[in-house]
Number of protein chains: 2
Amino acid sequence: MDLIRIYQCLCDRTRLRLLHLLSQGPLCVCHFQEILGEPQVKISKHLAYLRERELVQCERQGNRMIYALPARPPRELTANLSCLQDCIREEPIFQRDLARLRKLAPKIAGSDSEACC
Amino acid sequence: MDLIRIYQCLCDRTRLRLLHLLSQGPLCVCHFQEILGEPQVKISKHLAYLRERELVQCERQGNRMIYALPARPPRELTANLSCLQDCIREEPIFQRDLARLRKLAPKIAGSDSEACC
DNA sequence: TTGACATATGCCTACTAAGGTATATTCCGT
DNA sequence: ACGGAATATACCTTAGTAGGCATATGTCAA
């Protein structure tokens, strides 16, 4: 039952924030740190949790790790992420995360080169 | 953040089955036992878990407790339950639960009187 | 009031999870 | 080969969860 793995991932606020950001597109760890304002170890551990349960993928890019939603996510994940979007539309924390993400967007666009952290 | 309470409730298989049945209508504990085929204490504890987090309501009816979804469920709950329905449509256990529920339906209809367990 | 039935609760054990601190790993540039 | 940056992991503590067994509570019927 994959569903349960998914719900387990969804029942932590930090992980919800990570997944929410990821549904806008791939991101590297330092951007998560910057947007969430949480310590590196916390972010890294939650990403590991998501990775082990295959809710996210990652790929090394030089010094950094770029995290993304799976290329072909299972139906249940897609459904739940879109339900999540619906549910949090008005939650301040998620709005704030999104706002911060948009501020970083220009940097990220050119990030093949550097411009990280 | 109510959402997290909801996801916490959703990350156990027994509770998913309970909620799934409840979205068809109210049920008493002994029917859950019969349908799920799980021990009374297990069912009862999971119902208590759901009750404490306000995902279900209950009402005494003589000797029995009738459980139901909240009269006016929060948006997030409705959304997630309908997402759940979507996701499990083809899962055998849930189909089987549903089939068993339908077999009980006649009994339940006349259950104001007795015909329980 | 007693007994039987339906349901809930207490206590125990094993497991998982979250967060923190310290340390390891991996890659880059020099 | 070395130092620094980005990220991951080990280990610890605390707290929450699941399930089982035994027992308690509440309600009815006689």
Side-chain angles (χ1 to χ4, degrees), chain A residues 1 4-19 22 26-53 55-68 104 107-108 111-117, chain B residues 1 4-19 22 26-53 55-68 104 107-108 111-117:
Chain A
M1 169 93 36
I4 291 179
R5 255 187 320 132
I6 294 178
Y7 287 131
Q8 282 170 345
C9 289
L10 295 178
C11 60
D12 176 273
R13 214 175 63 125
T14 304
R15 289 196 294 264
L16 284 185
R17 295 171 76 189
L18 296 175
L19 289 168
L22 283 177
L27 267 185
C28 89
V29 180
C30 64
H31 291 131
F32 285 123
Q33 288 178 229
E34 212 172 324
I35 295 175
L36 301 203
E38 299 276 6
Q40 181 263 323
V41 73
K42 185 167 172 182
I43 305 264
S44 186
K45 277 195 199 165
H46 282 296
L47 286 170
Y49 188 104
L50 293 171
R51 197 178 354 108
E52 286 156 10
R53 285 156 187 80
L55 267 75
V56 304
Q57 291 179 334
C58 69
E59 183 193 352
R60 171 145 250 141
Q61 200 163 100
N63 225 352
R64 308 178 236 144
M65 287 299 237
I66 312 289
Y67 280 81
L104 285 186
K107 277 204 209 173
I108 297 169
S111 79
D112 310 289
S113 38
E114 24 62 71
C116 210
C117 316
Chain B
M1 168 92 37
I4 290 178
R5 256 188 320 132
I6 294 178
Y7 287 131
Q8 282 170 344
C9 290
L10 294 178
C11 60
D12 176 274
R13 214 175 62 123
T14 304
R15 290 196 293 265
L16 284 186
R17 295 171 76 189
L18 296 175
L19 288 168
L22 283 176
L27 268 184
C28 89
V29 179
C30 62
H31 290 132
F32 285 123
Q33 289 178 230
E34 212 171 324
I35 295 174
L36 300 203
E38 298 275 6
Q40 181 263 325
V41 74
K42 185 167 172 181
I43 304 264
S44 186
K45 278 193 194 168
H46 281 296
L47 286 170
Y49 187 103
L50 293 171
R51 198 180 350 110
E52 286 156 11
R53 286 157 186 79
L55 266 76
V56 304
Q57 290 179 336
C58 69
E59 183 194 351
R60 170 148 249 140
Q61 200 163 100
N63 223 353
R64 308 179 237 145
M65 288 300 237
I66 312 289
Y67 279 83
L104 285 185
K107 278 203 207 171
I108 297 168
S111 78
D112 310 290
S113 35
E114 24 63 68
C116 211
C117 317

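Residue numbering restarts at 1 for every chain, and letters A, B, ... go by the order of the sequence lines.
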For the residue pair A:Ile66 and A:Pro26, what are the closest heavy atoms and their distance? CG2-CB, 3.9 Å

B:Ile4 pairs by side-chain contact (heavy atoms from CB on, under 4.5 Å) with which of A:Leu16, A:Leu10, A:Asp12? A:Leu16

Could you state the CG-C1' distance from A:Leu16 to C:dA18, rounded to the nearest angstrom? 15 Å

Using a heavy-atom cut-off of 4.0 Å across all strands, would you classify A:Gln8 as base, sugar-phosphate, or nothing? nothing

DNA chain D: 5'-proximal contact among B:Pro39 and B:Arg53 (nearest heavy atom): B:Arg53

Output the rounded distance in Å from NZ (B:Lys42) to P (D:dC21). 12 Å

OP1 or OP2 of D:dG19 less than 4.0 angstrom from a side-chain nitrogen or oxygen of B:His46, does that happen here? yes

To the nearest Å, how far apart are B:Leu27 CG and C:dT7 C1'? 15 Å

Summary of protein contacts for nucleotides 24-30 of chain D, nucleotide by nucleotide, where a base hit scores B, a sugar-phosphate-only hit scores S (4.0 Å, heavy atoms): --BBS--

Below 4.5 Å, heavy atoms only, C-beta onward: do B:Leu22 and B:Phe32 meet side chain to side chain? yes

Under 4.5 Å between any side-chain heavy atoms of A:Arg53 and A:Tyr49, yes or no? yes

Scanning both residues in full, the closest heavy-atom pair of A:Val56 with A:Leu19 reads CG1-CD2, 4.1 Å

Report the distance from atom CD of B:Glu59 to atom P of C:dA8, rounded to the nearest whole Å. 13 Å

To the nearest Å, how far apart are A:His31 NE2 and D:dA5 C1'? 14 Å

So which nucleotide from D:dG20, D:dT7, C:dA6 ends up closest to the side chain of B:Arg64? C:dA6

Given C:dA8, D:dG19, D:dT9, the nucleotide with the shortest approach to the side chain of B:Tyr67: C:dA8

Give a yes/no answer on whether the side chain of A:Tyr49 brings an N or O atom under 4.0 Å of OP1 or OP2 in C:dG19. no

Should A:Arg13 be listed as having a side-chain N or O under 4.0 Å from OP1 or OP2 of C:dA18? no

At their closest point, which heavy atom of B:Leu104 faces which heavy atom of B:His31, and how far apart are they? CD1-CD2, 3.7 Å

Locate the shortest heavy-atom distance separating A:Cys9 from A:Leu55; write the atom from each residue and the value. CB-CD2, 3.7 Å

Among the nucleotides C:dT7, C:dA17, D:dT7, which one has an atom lying closest to any side-chain atom of A:Val29? D:dT7

Starting from the C-alpha separation in whole Å, work towards a yes-or-no answer on side chain to side chain contact (heavy atoms under 4.5 Å, CB included) for A:Leu27 and A:Ile35. CA-CA 11 Å; A:Leu27 267 185; A:Ile35 295 175; 4.3 Å; yes

Enumerate all atom pairs, one protein N or O and one N or O from nucleotides 10-14 of chain C, separated by less than 3.5 Å.
unit_1 : atom_1 : unit_2  : atom_2 : d
C:dG10 : O6     : B:Lys45 : NZ     : 3.4

When you measure from the side chain of A:Arg15 to the backbone N and O of A:Gln8, does any donor-acceptor pair fall under 3.5 Å? yes

In whole angstroms, the gap separating P of D:dA5 from CD of A:Glu34 amounts to 16 Å

Can you say whether a donor on the side chain of A:Gln40 sits under 3.5 Å from an acceptor on the base of D:dA6, or the other way round? no

Just the rounded figure in Å: distance from P of C:dA6 to CG of B:Leu47. 16 Å

Find the distance B:Ile4:CD1 to D:dT17:P and express it as a whole number of Å. 13 Å

List the atom of B:Thr14, the atom of B:Lys42, and the distance in Å for their closest heavy-atom pair. OG1-CE, 3.4 Å

